[in-house]
Number of protein chains: 2
Amino acid sequence: MDNTLAMVEGEGRQRILAAAEKLFSAKAFDAVSMNAIACEAGISKANIYHYFPNKDTLYLAVLRVASHNLRAVLNEAVSAHGSVLDVLRHFARNHLQALLNRPQLVRLVWREILERGAPRAQEFAEQGFADMFSALVDVLKLGQSRGEFRQDFDPALVATLLLGANVFFFQSRDILRHYPPITFADDPAGYDAGIVEILLRGLVPASS
Amino acid sequence: MDNTLAMVEGEGRQRILAAAEKLFSAKAFDAVSMNAIACEAGISKANIYHYFPNKDTLYLAVLRVASHNLRAVLNEAVSAHGSVLDVLRHFARNHLQALLNRPQLVRLVWREILERGAPRAQEFAEQGFADMFSALVDVLKLGQSRGEFRQDFDPALVATLLLGANVFFFQSRDILRHYPPITFADDPAGYDAGIVEILLRGLVPASS
DNA sequence: GTCTATATGATGATAGAC
DNA sequence: GTCTATCATCATATAGAC
């Protein structure tokens, strides 16, 4: 069977999705016009409506693909083996690096999280959260069961702290860069190394 | 002199600013129409243009006021006295509570930080960052100079970690709530208490 | 499947009466 | 200072030719 036709059929849809993803990543929903998407995709505006019934459906399709891709990228980045400490350091560094490598995808998904007004698809974002949290919580629990970590802290809280540190770094990087006391704005690996080190050892000197 | 006229003169402007702040806090720039602002303010659309030359200028005015108010709220919340540990705990808890108490202001300012496409006024947001960072860094440095904290960590990095933990909590609260292992989504004070405790003592048991 | 042409409405912004 | 009426522009969305 010749699948050339099917590929050509899908091509138009793919071009539209790619163009829409690029524009929706850069600007908010209402700031992106169907005209701009058509222009970016190199087709006519009316043609978009042949593939997607309306703007909302197109946006949802973009978000679904982006969320899926981002999950894959992040899950791939944080999968690791070795000692608990190595896995933790690896997780932090690679998670942040994955965020920085795919800024458009991250922005697209995070905008959906933050703009609570029009709950278009929080489910996609929540899936990514669940992936990262469960992976990180498992590592921390393993460390606790092995006696390498204290027993008296909540793994979910530490997971939140670490993921939050990376997301915050990703979001605020441009501002952090312009603030003198901060020297790690252009050194994400060093940032996460410092974060993990502090988490492990704490701020207070070991007593007696 | 009768200042009644002046008050009435300013009233129209205030109504517009209040309405615009409410709407711009809930939705993005392009998603808010001048018609909606006029309707919310209870005046005609054309009247807005009597006070503000265009939509951008109005938005900028809203952002300036909001940023100023948010700075005041946050600075008020984190000002404290006492031991270094008390100040640190107080800072974390009250900073997060201040964010949660003024969600509209926070959203308005943070949207400006995240939407890098149209750099309308990053300066406002950066001022707030500088306030919080310098205050927190000062506390940490004081702890170091007093010998209550280790000397070998970067105060700016810990400040980023703590502020990031609060901002991340604020942003992701709705998602955190729906994730089973997390029990602190509705307990910001407990969250920050846990955060600070982990930062102070570390994850690894005190060796020997 | 892709296009041109167009219907319909909302947008930001202006002019001028009161 | 506030309004009604209106501007040109651009949006989403549809119809129909090829």
Side-chain angles (χ1 to χ4, degrees), chain A residues 1-63 111 115 117-118 120-121, chain B residues 1-63 108 111-112 115 117-118 120-121:
Chain A
M1 295 175 246
D2 187 10
N3 59 356
T4 304
L5 183 60
M7 290 179 61
V8 172
E9 276 177 355
E11 194 192 8
R13 206 170 189 275
Q14 289 303 320
R15 291 173 63 92
I16 295 171
L17 280 175
E21 178 181 303
K22 177 178 176 182
L23 296 181
F24 281 132
S25 300
K27 306 167 81 176
F29 180 80
D30 299 270
V32 175
S33 72
M34 295 294 265
N35 241 331
I37 297 174
C39 183
E40 176 74 29
I43 62 170
S44 87
K45 179 177 61 173
N47 198 7
I48 298 181
Y49 286 93
H50 172 71
Y51 293 95
F52 301 93
N54 51 47
K55 191 181 178 182
D56 271 283
T57 305
L58 170 59
Y59 177 80
L60 221 70
V62 168
L63 194 69
R111 194 182 352 249
E115 302 294 328
R120 267 179 277 262
Chain B
M1 296 174 242
D2 188 10
N3 60 356
T4 303
L5 183 60
M7 289 178 63
V8 173
E9 277 177 354
E11 194 193 7
R13 206 169 189 276
Q14 288 305 317
R15 290 172 63 92
I16 295 171
L17 280 175
E21 179 182 303
K22 177 179 176 181
L23 296 181
F24 280 133
S25 299
K27 306 168 80 177
F29 180 81
D30 298 271
V32 176
S33 72
M34 295 294 266
N35 241 329
I37 297 173
C39 184
E40 176 74 28
I43 61 170
S44 86
K45 181 175 63 171
N47 198 7
I48 299 181
Y49 286 93
H50 172 71
Y51 293 97
F52 302 94
N54 52 48
K55 191 179 178 182
D56 270 283
T57 304
L58 171 58
Y59 178 79
L60 220 70
V62 168
L63 195 68
L108 186 58
R111 193 181 353 248
E112 199 58 32
E115 303 294 328
R120 267 179 277 262

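Naming convention: chains lettered A, B, ... in sequence-line order (proteins, then strands); numbering from 1 in each chain.
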Between CZ of A:Phe52 and P of D:dT12 the distance, given in whole Å, is 15 Å
Nearest-nucleotide comparison on DNA chain D, the residue closer to the 5′ end among A:Pro53 and A:Ala36
A:Ala36
Roughly how many Å is it from CE in B:Met34 to C1' in D:dC7, rounded to a whole number?
16 Å
I need the CD1-C1' distance between B:Ile16 and D:dC3, as an integer number of Å.
13 Å
If you only use heavy atoms from C-beta on, which nucleotide in C:dC3, D:dC3, D:dG1 is closest to the side chain of B:Tyr51?
D:dG1
Take atom CD1 of B:Ile37 and atom P of C:dG12, then tell me their distance rounded to the nearest Å.
8 Å
Taking all non-hydrogen atoms of both residues into account, name the closest pair between B:Arg111 and B:Phe24 and its distance.
NH2-O, 2.6 Å
Quick one: are A:Leu17 and A:Phe52 in side-chain contact, heavy atoms under 4.5 Å?
yes
Check this one for me: any side-chain N or O of A:Asn47 less than 4.0 Å away from OP1 or OP2 of C:dG1?
no
Whether B:Tyr49 contacts C:dA15 is assessed here as follows: a side-chain N or O lying under 4.0 Å from the phosphate OP1 or OP2. Is that the case?
no
Lys/Arg cation over aromatic B:Phe29: B:Lys55, 6.0 Å, 45° cone:
yes
Sugar-phosphate only, base, or nothing, as touched by A:Ser33 at under 4.0 Å among non-hydrogen atoms:
sugar-phosphate
Measure across B:Met34 and B:Leu58 and return the closest heavy-atom pair with its distance rounded to 0.1 Å.
SD-CD2, 4.3 Å
Round to the nearest Å and state the distance from B:Gln14 atom CD to D:dG1 atom C1'.
16 Å
Between D:dC10 and A:Asn35, is there an OP1 or OP2 to side-chain N/O distance shorter than 4.0 Å?
no
Whole Å only: how far is the CD1 atom of B:Ile48 from the P atom of D:dC3?
10 Å
For A:Lys45 and D:dA11, give me the distance from atom NZ to atom P, rounded to whole Å.
7 Å
Within the structure shown, what part of the strands sits under 4.0 Å from A:Lys55 by heavy-atom distance: base, sugar-phosphate, or nothing?
sugar-phosphate
In whole angstrom, give the distance that lies between atom CZ of A:Arg15 and atom P of C:dT2.
9 Å
Value for CG (B:Leu108) from CG (B:Leu23), rounded to nearest 0.5 Å, stands at 11.0 Å
